[in-house]
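I have placed the structure first, in the form of structure tokens, so that the comments after it can refer back to it.
The chains referred to below are lettered A, B, ... by the order of the sequence lines, with proteins before strands, and numbering in each begins at 1.
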There are 2 protein chains.
Amino acid sequence: MTRNPRSSRPAVTTNVVVFTLRDDKLKLLLVRRRSDPYKGMWALPGGYVEADEDLDDSAMRALEDSTGVAGVYLEQLYTFGAPDRDPRGRSISVAYYALVPSEKLQLRTASDSEAIGWFALDELEPLAFDHNEMVHVAHQRLAAKLAYSTIALQFMPQKFTLSELQKVYERILNEKLDKRNFRKRVLALDQIDQTQEVRRNGSHRPARLYSVRNPGEVQIIR
Amino acid sequence: MTRNPRSSRPAVTTNVVVFTLRDDKLKLLLVRRRSDPYKGMWALPGGYVEADEDLDDSAMRALEDSTGVAGVYLEQLYTFGAPDRDPRGRSISVAYYALVPSEKLQLRTASDSEAIGWFALDELEPLAFDHNEMVHVAHQRLAAKLAYSTIALQFMPQKFTLSELQKVYERILNEKLDKRNFRKRVLALDQIDQTQEVRRNGSHRPARLYSVRNPGEVQIIR
DNA sequence: TGAAATAGTGTACGTTCGACACTATCCTTC
DNA sequence: GAAGGATAGTGTCGAACGTACACTATTTCA
């Protein structure tokens with residue numbers, strides 16, 4: 001492992017697949033590219049890793065720059081490094097994914113005169129670079145984690161109903177779940193607490209509000 | 001995502017945590033460093049990513065250079081990029097892990113005059129760089145995958161006994177398993193076939209030999 | 001006050017998981 | 001050639017868990 005003159009010095013970037021649940025759909029954050037390559041196309045937020053910056057910090061910075069939110073769940077996903085993934089030259093991207101509660105959403109749109117927005121996962125157009133693949137891998141990982149962790153709770157605001165939580169599962173897994181079984185299961189996790197409040201939301205019975213017992217923590221279960 | 005002058009151009013390397021089962025222990029492959037930094041210490045095999053080389057190919061090359069084996073299971077693990085992880089300067093390492101059947105073991109020792117060897121996972125000394133951490137993460141990932149995939153079969157030679165397979169699980173999970181329940185479970189996977197042969201191996205009843213139905217494939221189960 | 005809409009609740013069955021002990025076969029030794 | 005030592009191989013039962021399934025409760029609005 002000596003310095004090899006034939007080895008390249010690739011550009012190293014991070015990209016973040018930012019998920020949220022909005023308008024009853026699983027959506028992700030995209031920014032429009034203002035310069036070539038792929039000028040005008042939508043892409044995942046991201047950027048170059050600074051000289052003295054940890055990879056996690058770089059991803060977090062990309063996330064905060066585009067969403068304005070901090071302290072959300074962020075996890076390294078996979079590293080993409082096909083030699084031709086960037087037409088400008090060799091580039092490695094360490095991909096992350098993040099889960100943002102729908103309440104925290106305050107896009108820093110136009111502040112840096114960049115077009116930015118939320119897009120439904122199931123209506124995605126072709127993205128810049130290999131970003132479609134990143135999105136695909138992130139979605140797979142997220143769906144898998146639902147089965148053996150409490151990661152879905154990272155989507156929830158401080159107070160939420162069980163129906164809302166069920167919708168999170170259904171939108172990620174892309175299938176309907178049984179209401180009674182679902183409630184049994186999530187309550188058995190022992191990670192959400194009933195509050196004394198209810199939410200009145202339309203001409204029907206109000207729903208009890210719950211809160212996450214350990215916000216910020218994701219537990220591995222079973 | 002324009003080229004940022006303040007961004008660094010880190011060296012990009014791959015490292016591979018090569019697992020095998022040998023002498024009844026879970027072991028991994030280490031090479032002794034011949035130059036600074038960490039000269040004389042043991043480290044994971046690895047090397048710089050070549051200018052036109054895919055990350056997977058780079059890891060595979062590091063693996064083949066050190067073990068001489070090809071066509072083994074190799075999976076990207078995690079990317080390590082702490083700014084100070086290499087005292088020579090900024091460096092990113094994309095870590096992989098590989099599983100090698102004990103039969104294929106033919107170390108290319110001394111051919112490039114490099115010290116190389118197998119070390120028991122539970123008696124590891126401090127390694128160069130952040131390689132202890134890589135080993136730890138790889139072991140965790142491997143243990144987790146036992147529960148929901150057929151990855152353990154990648155350790156097995158063409159013909160093997162169920163007791164040998166059980167030992168693989170026990171050494172990775174670090175716990176004894178019940179023989180009857182284990183056999184029920186792995187046979188229910190429907191991924192290994194009984195052969196007509198037995199292996200005589202000491203002064204006791206010979207063990208039936210089995211073979212992997214789809215070698216090279218790792219199935220996700222349940 | 002009735003209709004529409006979502007919230008909330010329990011049971012029964014099938015499957016899976018885990019604990020548990022004895023017989024079979026081969027080799028070695030006396 | 002009999003006995004002892006060593007590993008291979010085999011089945012049952014109870015508990016826990018997952019899954020299918022339908023009706024009542026509460027609110028708003030017409």
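The distance from atom CG of B/L162 to atom C1' of D/dG9 is 9 Å, rounded to the nearest whole Å. Straight-line distance from the CG atom of B/L177 to the C1' atom of D/dA8: 17 Å, rounded to whole Å. Distance A/E164 CD to C/dG8 C1': 15 Å, rounded to the nearest Å. Atom CZ in A/F182 sits about 14 Å away from atom C1' in C/dG8, given to the nearest Å. In this structure, A/R180 places its CZ atom 15 Å from P of C/dA7, rounding to the nearest Å. Nucleotide C/dT9 holds its C1' atom 12 Å from the CG atom of A/L187, rounded to whole Å. Rounded to an integer number of Å, the gap from B/Q166 CD to D/dT7 C1' is 12 Å. Counting to the nearest Å, the P atom of D/dA8 and the OH atom of B/Y210 are 11 Å from each other.
Sorted by first and then second residue, the side chain to side chain donor-acceptor pair (under 3.5 Å) pairs with a member in residues 149-158 of chain B form an empty list; sequence neighbours excluded.
At a threshold of 4.0 angstrom between heavy atoms, the contacts of B/S163 are confined to the sugar-phosphate backbone, with no base atom among them. Residue contacts for B/D178: at a heavy-atom cut-off of 4.0 Å it reaches a base atom on one of the strands shown.
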Between N or O atoms, less than 3.5 Å apart, protein on one side and nucleotides 12-18 of chain C on the other: list the pairs.
unit_1: C/dC17; atom_1: OP1; unit_2: B/R222; atom_2: NH1; d: 3.3
unit_1: C/dG18; atom_1: O6; unit_2: B/K184; atom_2: NZ; d: 3.1

Would you tabulate the pairs of protein nitrogen or oxygen atoms and nucleotide nitrogen or oxygen atoms of nucleotides 26-30 of chain D closer than 3.5 angstrom?
unit_1: D/dT26; atom_1: O2; unit_2: A/R205; atom_2: N; d: 2.7
unit_1: D/dT27; atom_1: O2; unit_2: A/S203; atom_2: O; d: 3.0
unit_1: D/dT27; atom_1: O2; unit_2: A/H204; atom_2: N; d: 3.1

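Here CZ of A/F19 is found 9.5 Å from CD1 of A/I151. Values are rounded to the nearest 0.5 Å.
In this structure a side-chain-to-backbone donor-acceptor pair under 3.5 Å is missing from A/Q76 to A/D56. Judged by distance alone, with hydrogens and angles left aside, the side-chain atoms of B/R199 form no donor-acceptor pair with the main-chain N or O of B/T161 at under 3.5 Å.
Partners of B/F80 under the ring-ring contact (aromatic ring centres under 6.0 Å, His included) rule, at least two apart in sequence or in another chain, are B/Y78. For A/R171, the salt bridge (charged side-chain N to carboxylate O under 4.0 Å, His left out) test picks out A/D24, with sequence neighbours left out.
Residue B/R199 places no side-chain atom within donor-acceptor reach of the base of D/dA8, judged by atom type and a 3.5 Å distance cut-off alone.
Of all nucleotides listed (C/dG8, D/dG11, D/dG9), C/dG8 comes nearest to the side chain of A/R208.
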Distance-only donor-acceptor hits, side chain of residues 204-212 of chain A, under 3.5 Å, sequence neighbours excluded:
unit_1: A/H204; atom_1: NE2; unit_2: A/N201; atom_2: O; d: 2.6
unit_1: A/R208; atom_1: NE; unit_2: A/T195; atom_2: O; d: 3.2

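B/S66 and B/L29 make their closest contact through OG-CD2, 3.5 Å (heavy atoms, listed as atom of the first residue, atom of the second, distance). What you find for A/R85 and A/I92 is that their closest heavy atoms are NH1-C, 4.1 Å.
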